[in-house]
Trainee: 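Structure provided below as structure tokens; questions to follow.
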Amino acid sequence: MIVEEEAQKRILDSIHLPGHVAWPDIDIQSSLKWWHKAVLYQVYLRSFADANDDGVGDIAGLISRLPYIKELGVDAVWISPWYASPMLDGGYDVRDYVDTDPLFGSLEDVQDLIDASHQLGLRVVLDFVANHCSSQHPWFQSALSSPEGSREREWFYFKDGQGEGGDEPPNDWKSIFGGPAWTRTLNHDDTPGQWFFHLFDSSQPDLNWKNEEVLVQFDEILRYWFNRGVDGCRLDAVSAIGKDDDYRDMGFAPDHLYRPDIWGPVPFYDAEGVHDVLRRWRRVAREYPTEKFLVGEVVVRDVDRLARYLRRDELQSTLSFDLSKIVWNADAFRQMINTLHGACFEGHSWMTWTLSSHDEKRTVSRYSQDGPAEGVLGDVTPTGHGRARAAYLLALALPGSACIYQGEELGLWEVMDIHEDRLQDPIYFRTGKQELGRDGCRVPLPWEKEGPTLGFSARHETWLPQPQSWADVSVATQLNDASSTLHFFRSVLAWRSTIFNNDEWAITWEPSPTGVLVLRRGPDFRCVVNFSGEPFCVGDDEEVLASSSPLTHERVVDVNNGAWLRARRFAAHQRL
Ligand code: NOJ
């Protein structure tokens, strides 16, 4: 097996770590699992909190802020990759799967993080990046230095080029990040060699998931982190590991950007083999006393394809990215929610509702405009803030888990004016600077009202610049304002943890005026979101548990707002 000895030793050592033993098994009480209604908080490590003052967030910074996450009222943290990495795609280019990048800290720091989270009652979800590694990973380096057709090259997709001298790529396939999906290698004597496939950046060669050695190696990597106490994995770009042995041209134009959610079937994405791999990982997840959680980043072209990932022996959940791509419109939301919920299998798989991530434009910015959910974004408006809160009321009222990306609880907006010298996202460069990329949603968090980095770091410059206007929305500012978005999230999450019964599966939409969504869960709870142009009046017999902004005359949900309501008889009964 081609794997460096050091890494292999770390994997073996992990068997003796006590991690998973320490966690109480809540499953004894019920057949329901912790993820069936958990709220995950997504930490983008580089931008969360910086303890060593180098301008980049790190593990120690995250540990120091765990109480903040706990007080928010969430159940788990999903943390973006901490692996050793050249950081050409923010850590999604992994050089060593069983070590931590010094930029973030040490393996001991990661263990402290896992333990400290557990002590606070927070589960830890690892970002598991299996479709590709870094081109600097010893596996790929070893493949490069091995001859064509060698066992080492079988770990990846190496192909001869077309045309005279093999100068043209093997076919016309395109990368999701822009440009061709093939990059040519150099032979030992500096002559041009074979080409390798990369769905993302050229620094991220795709691994060959039909290779038994790759399969076995990643089983061990999973166990390594589970043995350290990690409670689950978010499976990065998981649909991409399914590939067919079919290298025909797809008819892509030279400037084409491959979009898996839009394009029809292609041989290099979402092929049948992915499901064998998922079943295999699920078996590993079940080896533990408390089953580990597998939630997929599944981006596929339709709901039938999605449902295949949620079968009872595959993933327990997927993130609902489609929800973050739709416009502010009642029918669009209702249809998308029904569709995604319909892909789940009652009692076996659930959706993890999410409106935002480190890959999406910030919610407040998306809803500040009425046009398409993607593309050029204008100024942030009070309407955008109201809609974002209302959308979270809806997402957090749905059966299943939910995920909140860091900073959403502060109502942060997309930073659109980062100077081009500071932009880092490979998408910006691979699209010839046509696409701004994802840096605008990855700007370091504002913790304090003052100081050059608003409390993110003692250093005078953060890895991406923060807007000074974020002083007004910093954690410290919002903690002192009972009407802030932060207090809104805290209160909504506190209600969520008490009012929903785990086993409520059905989504019921009540009849309502056009443009108003009324979601009922159980006999007493309703969530109203007003997408229409008219105010919507709620009944006298309901108390308002939470609302995106105070209800006019305590009964009127204004346009672009939402509320959680509970029948008064329930409240009276509870008081007795
Ligand atoms: C999805 C991740 O969320 C994204 O940030 C990353 O660039 C790609 N996968 C490639 O790993």
Side-chain angles (χ1 to χ4, degrees), residues 40 42-48 57 78-95 97 101 125-137 140 156 174-179 181 183 197-207 209 218 221 233-243 257-261 268-270 274 294-300 309 315 318-325 352 354-362 374 403-407 414 423-431 435-443 463-464:
L40 278 63
Q42 185 199 347
V43 170
Y44 191 67
L45 205 45
R46 292 200 287 179
S47 303
F48 190 67
W78 148 30
I79 303 157
S80 61
W82 55 48
Y83 314 103
S85 163
M87 296 292 156
L88 294 173
D89 183 23
Y92 287 92
D93 45 326
V94 183
R95 185 170 46 210
Y97 284 92
D101 199 275
V125 176
L126 172 87
D127 213 317
F128 189 65
V129 186
N131 174 63
H132 46 266
C133 60
S134 159
S135 53
Q136 292 185 26
H137 196 292
F140 191 70
F156 299 90
K174 299 290 176 238
S175 156
I176 289 181
F177 281 0
T183 292
F197 177 79
H198 51 88
L199 188 59
F200 296 94
D201 190 44
S202 56
S203 63
Q204 296 164 298
D206 281 41
L207 284 149
W209 279 89
F218 274 87
I221 292 166
C233 291
R234 174 260 187 190
L235 308 177
D236 182 67
V238 72
S239 322
I241 69 180
K243 293 184 179 68
L257 211 68
Y258 173 63
R259 284 280 308 267
D261 50 344
F268 55 90
Y269 195 90
D270 188 30
V274 62
L294 300 178
V295 53
E297 185 202 19
V298 179
V299 181
V300 286
Y309 288 77
L315 300 180
T318 68
L319 293 153
S320 65
F321 288 107
D322 293 327
L323 202 57
S324 58
K325 302 204 188 307
T352 298
T354 178
L355 292 166
S356 180
S357 80
H358 65 297
D359 293 331
E360 312 289 336
K361 297 276 184 289
R362 286 275 186 194
E374 296 178 69
C403 183
I404 299 168
Y405 173 49
Q406 68 180 41
E414 189 79 8
L423 290 174
Q424 309 233 354
D425 189 351
I427 291 183
Y428 177 64
F429 300 101
R430 287 191 62 87
T431 57
E435 301 256 335
L436 207 45
R438 303 160 294 179
D439 291 316
C441 66
R442 298 175 174 183
V443 171
W463 72 278
L464 284 174

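We count residues from 1, following the sequence as given. In listed order, ligands and their atoms are each counted from 1. This one's a predicted model, so the numbers in the text were calculated from it and none came from an experiment.
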Trainee: Starting from atom 8 (C) of ligand 1, what is the nearest protein heavy atom, named by residue and atom, and what distance separates them?
Mentor: F200 CE2, 3.8 Å

Trainee: Would you mind listing which atoms of ligand 1 come within a distance below 4.0 Å of any non-hydrogen atom of R438?
Mentor: 4 (C), 5 (O), 6 (C), 7 (O)

Trainee: Do we see a donor-acceptor contact under 3.5 Å between the side chains of Y269 and N131?
Mentor: no

Trainee: Identify the protein heavy atom lying closest to atom 7 (O) of ligand 1, giving its residue, its atom name and the separation to 0.1 Å.
Mentor: D89 OD2, 2.6 Å

Trainee: Provide the number and element of each atom of ligand 1 under 4.0 Å from a heavy atom of H132.
Mentor: 10 (C), 11 (O)

Trainee: Among D236, L235, D359, L88, which residue places a heavy atom closest to atom 11 (O) of ligand 1?
Mentor: D236

Trainee: For ligand 1, which atoms sit closer than 4.0 Å to a heavy atom of E297?
Mentor: 1 (C), 3 (O), 9 (N)

Trainee: If we count only N and O atoms by modelled type, under 3.5 Å, do the side chains of Y92 and D127 hold a donor and an acceptor together?
Mentor: yes

Trainee: Closest heavy-atom contact between P426 and D89?
Mentor: CG-OD1, 3.8 Å

Trainee: Picking from I79, L294, V129, V295, what satisfies side-chain contact (heavy atoms from CB on, under 4.5 Å) with R234?
Mentor: V295

Trainee: Spell out, as yes or no, whether a donor-acceptor pair under 3.5 Å connects the side chain of S175 to the backbone of L199.
Mentor: yes

Trainee: So for R234, does at least one of its heavy atoms come nearer than 4.0 angstrom to any atom of ligand 1?
Mentor: yes

Trainee: I need the minimum non-hydrogen distance between D206 and F156, along with the two atoms involved.
Mentor: O-CD2, 3.4 Å

Trainee: Which ligand 1 atoms, with their elements, are less than 4.0 angstrom from a heavy-atom of R442?
Mentor: 5 (O)

